[in-house]
Amino acid sequence: MLEVRSITVRFAGLTAVSDLSFDVGEGEILAIMGPNGAGKTSAFNAITGFARPAAGEVLFDGRSITGLKPDAIAALGIRRTFQNNGILREMSVLENVLMGLELSTASSMAGVVFGLPSSVRAEQEAVAAAYAQLASLGVSALAERPAGSLSFGQQRLVEICRALVSGARLIMLDEPAVGLSPMERLQLGEVLRDLAARGIAIVLVEHVQDLVMAVSDRVLVLNYGKKIAEAAPEEVRRNKLVLEAYLGTA
Amino acid sequence: MLAQLAISGIVVGSVYALVALGMTILFRATSIVNFGHGEFFMLGAFAIYVLKQGFGWSYPVAIAIAFGLLFLVGVLVERVLIRPLGSAPFLSFAMMTVAFSFLFKGLTRFFYGRDVSMLPPLLNGEPLDFGSVVLFPQDFLVIAGAGATMTIFFLFFEYTQVGKIVQAASQAPRGAALVGINVPAFHSAMWGVAALTGAVAALLIAPSTLVYPDMGGQMLVHAFAAMTLGGFGSLGGAVLGGLSLGIIENLMGGYVSSSLVEISAYLVIMLVLLVRPQGVFGEWRTSRV
Amino acid sequence: MSKTADSSATGNYRVNHLARGRTLRGLGLATCLALLLGLPLLVNEYQQFVVNTMVIYALIAVGFNVVLGYLGQLAFANAAFFGVGAYATGLTMVHLALPLPLALLAAGAAGTVAGIAVALPALRVQGHYLAIFTLAFGELMRWVYVHADAVTFGPSGFNVPRPAALGLLGSPERGKYYLFLAVAIIAIGATVRLLRSRFGRAFVAVRNNERAAASLGVSVARAKIIAFGWSGFLVGVAGGLYALLNGRVTPDSFGLAQLLLNFAIVMIGGLGSVLGSILGAILLTGAPELLRNFAGIEEIVFSLLLIGVLFFMPKGIGGLIAARIPALREPLHRE
Amino acid sequence: MRRTTAIVLGALSFAVQSTGCVNAQETTSSPPIKIGMFAPLTGSAAFAAKVAYGASSVYKDINDHGGINGRKLELVLEDDACDPNKGIAAVKKLTAQDRVFLIHGGWCSNVVLAIKPEIERDNTLPYVVLGAASASISTPVTANIFQPVATTQAVANTMVDFALSRPDVKKVAIISHSDEWGKSHLQPAIDALKAHGLTPVETVYFERGSTDATSQTLKLRAAKPDAVLAVLYPAELAIYLRDAYKYGVRVPTIGTQGASIEDTERRIGIPDAVRDLYIFYPLSQTISSDQFKPWAEIFKKYYPAEPIDTITFIGVGGALAIADVIKRLGPDVTRERFLSEMNKLTNFDSGVQASTMSFSPLDHAGIKSGNMIHLVDGVPTIVSKLSTPKP
């Protein structure tokens, strides 16, 4: 579904990612690992339109999405989270989830301003859909809470909820386990596997090994912007280059 | 005529440069854009006026005390109004500076709004003729005063140990705190210095114009234009920008139309921000947003 | 106001939980509307004039809040939008003899254009750059009013014709009141609906985190243009009403003093609160009239109020109400 | 929302109560005559508050001497902050709430022009301008609006006539502010020159708050004028004169009212720079002269903290005229009679103003000319003609 074809990302004169390629298919969970500064987030940014790759191409469903703006990429069904504060802290949980419906809510500016029935209905339907999505993840009790007041684990769930409600087919999570308790990590892992079972592709950048090992189908390891390994979790664990990259820098 | 316009532009421009420099120092040190900076200039003028005309003190004494007072005003503004905001968003700091600018203006107007206040000239004297250029002794004083103040700042920031630490503190407050700099005290001092530059500018310009509560607004816009032109946050840019603005104004007035003099600053701001937001002389610095 | 609020309440997602609150609120709004309609019977012409001014400032404050509070952009062009609207209404009535409704629409259109003109740099520059840019824009507009004599009648301004229809209800101030009230209710009602829709959510998302908003499919550029355009529209219309209220338009009315007043109203009313904006407008336009005997301290009082708000109630009156009276809480309130 | 209404109603009831208080005080058998006044007591034009204080000290002095025909005058003073919106509110308060007999007010022309439609609508209300000079206030004539001060038209005519009083002056240049005040002098001045078959050889704008007039002065110098009309506020006048001296524009400069000639000299610090300066002067004598001592004393009595200035006395002529007309009405004080008596006022000599005041139903600009003031050996002196240049 997502094909990354030898992309290179340069940032302030430095090459953050060089010649990176990988694929992700439906219902697959790909984890990207690597030491700090290995270029994981840069790769994310290049795929989701926040950075323009200097070379290479990104295809989604066989269509090139290289160089599209973030909102256009989001419209295709790719949703991402951010390392920190991807949540809209000043908005309620419900409003956060509604933001996931930004593109699918059919209300028009004129319709909203004049209170036309079609737009009013579209807005109401969005609210209903958001509630339904919250309920399906079992967090509808949080709907009215300001998102900034939630625990990290709850915030991740809201972000995932927000991505799901949009009907995203590829969800890209940037270090979702940061700040999570072990319990919450387990919960997150379950949610992710659940999503994959529904055919949603997931790419996650993560340091937390137990989560990565537990959920991912494949693991891709980056070091200095280059791919040094891509394999099933158990294999990666035994990979020499990977061990060097981690131990060497440690 | 060109030479005369350019030289006179530099005289006025050096005052703009001085005010812009004060704002830049504050911005570099604290990341705060001070919309009340014009009022430091205004308060400086009134401080000198009250001490000189009201108390009847001599210029040197009045100036020295006014400078001290303004430093104190700057420090107090930081301690009483800015520091308690803590880590509030950018918008709150901007609004606080707007608020105290109107507070100072209101207070001054309340006490002196009905008087037409003026200062005697610092230097009397016949104009000096240099062929195609004529200058008053006061003009030399303005250039020398502004030039000296600016030089002191440059030497301080670029060549002294303290100045370098100060620069470090502005770039990475947490790191600075780690190496033992008292960051809050440093911020206070920078506010004081910023207010002090306002007073110096006031001293140079107020004796040749009136002292009135609204005098800060114009100066603020000119300082903004100078900073924008030179690149926000660049010390050298602020100075070059100020001088250029003075010359641009004069050339606009001399060769295009006298009705364009007053909007030169506005046009400069808008054009630069639209075409080259990093400034004509400056490098791009991302700001706290 | 009941009609407006009712239809917006249907779009309000809280409503499912608050069916009873809705009836109560409906009653409250009906009472309120009745009081507003009956108000002219209780006041003399001077008081009516002050109330009319309040209505205009309520509209301005709501408009300014869209950009300052909801979109979170520090723009100082509000007095410019206001002036553009006043000039548009006045000049189209004088030069083109446009009837009043069209002249007010012209004000809205002019304000929208000015709003979008300011939004374009807002796509490139932010924070204090935008603040300084918009400050310059406002002063440039004033220069245009002064120097484009042939069209704007220069620095002394011009008289705006007084439409005869406004005098039908006894005094022209009363006629203006009902006109202003109708315009304000319609415009503020529409704004409330806009803010509670996906458009309003997009504004707040941009304020919160532009990158996150973009990752959710929000076009940041479009959100900014819509917010600035709408803000310009509201404030422009308010300017048109102001031209009618005073019967005269002069460049001096749209300078820094005007900006401070607008700014203080929005801040004290509360960023991101429509109700707060309205109350702020009533308070800050009413207070100087009540304090006429203590002239000379307006600037001091406004600035101290601003400082006090920044220190002690950063959410302003709107925040205070939201904390005390849950029924009046506004969705998309800044938390 | 309910709170909204509560606040509005609270505010209004406060306002209503405060009027009630005023009415309750009127207990004497012959009620005082209420005079409404508005002026910029605050804001950027607050320096002109003393115009209102000057006029009101006349009314207070009259009250202290028993009033007019046994009736006291009651003054209601409102602030307009030089803002049209506030000015309209002030006038509405004075008429609808305080129900004054007449209004004597207005320093800022933009405020007076804004309230003009209001005054025209209630054509029984006598309105006398306090200090605003714009010629469009009294031209065309409105039945109930009287302007007892030199209009910008009168000032500009006087300036031009004075400039041309020396036969060899043919080339006149103008430096002016481009604000309302500046332009309302500029156009009449250009018209007055035209009447003499002249056009200005150069017109330049110099803005308020500027600190340097180099580009303007060099342009003027290039035009080689015989005289310069300077429509400038005091601060900018001083800056211009300094630059004019610096760049060698040494021709007579004729300024409008407002600047004190002694202050100007002191600020420039070069006596020669003001040697050829002449300033329009609205009063009959200099304020330091013996004739003005009594006026200064009255003012000091009621406003001891306020400095005395030329503009302190701008509204005094109007106040004296109003008092004179009320006195002529005798016991039957009605607005209608006041307006008709005002129209009959002819050659009224207040003793304060430079010329006498006359109104007729067709002309409500009461003052047609003024004096010129000039420093002679460092002493401000009233002059009538542009002196011939010293060798």
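So you know, we letter chains A, B, ... as the sequences are listed, proteins then strands, and number each from 1. Side chains are part of it too, since the values below use all heavy atoms of this structure and drop only hydrogens, waters and symmetry mates.
In this structure, D/F206 has no ring pair (Phe, Tyr, Trp, His ring centres under 6.0 Å) partners at least two apart in sequence or on a different chain. Residues forming a salt bridge (Lys or Arg N to Asp or Glu O under 4.0 Å) with D/K92 (at least two apart in sequence, or on another chain): C/E45, C/E173, D/E118.
By number of non-hydrogen pairs under 4.5 angstrom with chain D, the leading residue of C/P251, C/A287, C/P172, C/G247 is C/P172. Most heavy-atom pairs under 4.5 Å with chain C, from the set D/A46, D/A49, D/G182, D/A90: that is D/A90.
Salt bridge annotation for D/K86-D/D79: absent, with no cationic side-chain nitrogen under 4.0 angstrom from a carboxylate oxygen.
Between D/A114 and D/P117, the shortest heavy-atom contact is O-CD, 3.3 Å.
Within residues 142-155 of chain C, the residues having any heavy atom closer than 4.5 Å to a heavy atom of chain D are C/V146, C/H147, C/D149, C/P155, listed by residue number.
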Distance-only donor-acceptor hits, side chain of residues 136-144 of chain D, under 3.5 Å, sequence neighbours excluded:
from, atom 1, to, atom 2, distance (Å)
D/S136, OG, D/S134, OG, 3.1
D/S138, OG, D/Q147, OE1, 2.6
D/T139, OG1, D/A135, O, 3.2
D/T142, OG1, D/E120, OE2, 3.3
D/N144, ND2, D/I119, O, 3.0
D/N144, ND2, D/D122, O, 3.2
D/N144, ND2, D/L125, O, 2.9

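When heavy atoms are compared at a cutoff of 4.5 Å, C/Y242 approaches chain D solely by way of its side chain, counted from C-beta outward. For D/S178, the parts lying near chain C are the backbone and the side chain together; criterion is any non-hydrogen pair under 4.5 Å. Both the backbone and the side chain of C/N246 have a heavy atom closer than 4.5 Å to some heavy atom of chain D. Both the backbone and the side chain of D/N110 have a heavy atom closer than 4.5 Å to some heavy atom of chain C.
Taking the six-membered ring where the residue is Trp, the centroids of D/F38 and D/W107 are separated by 6.0 Å or more.
Using the six-membered ring where Trp is involved, D/Y303 and D/Y53 have ring planes that are parallel, under 30° apart on the 30 and 60° scheme.
The main-chain N or O of C/G270 is found under 3.5 Å from a side-chain atom of C/N65 such that the two form a donor-acceptor pair.
Tested against D/H177 for a ring pair (Phe, Tyr, Trp, His ring centres under 6.0 Å), the candidates D/Y233, D/Y205, D/Y240 yield a single pass: D/Y233.
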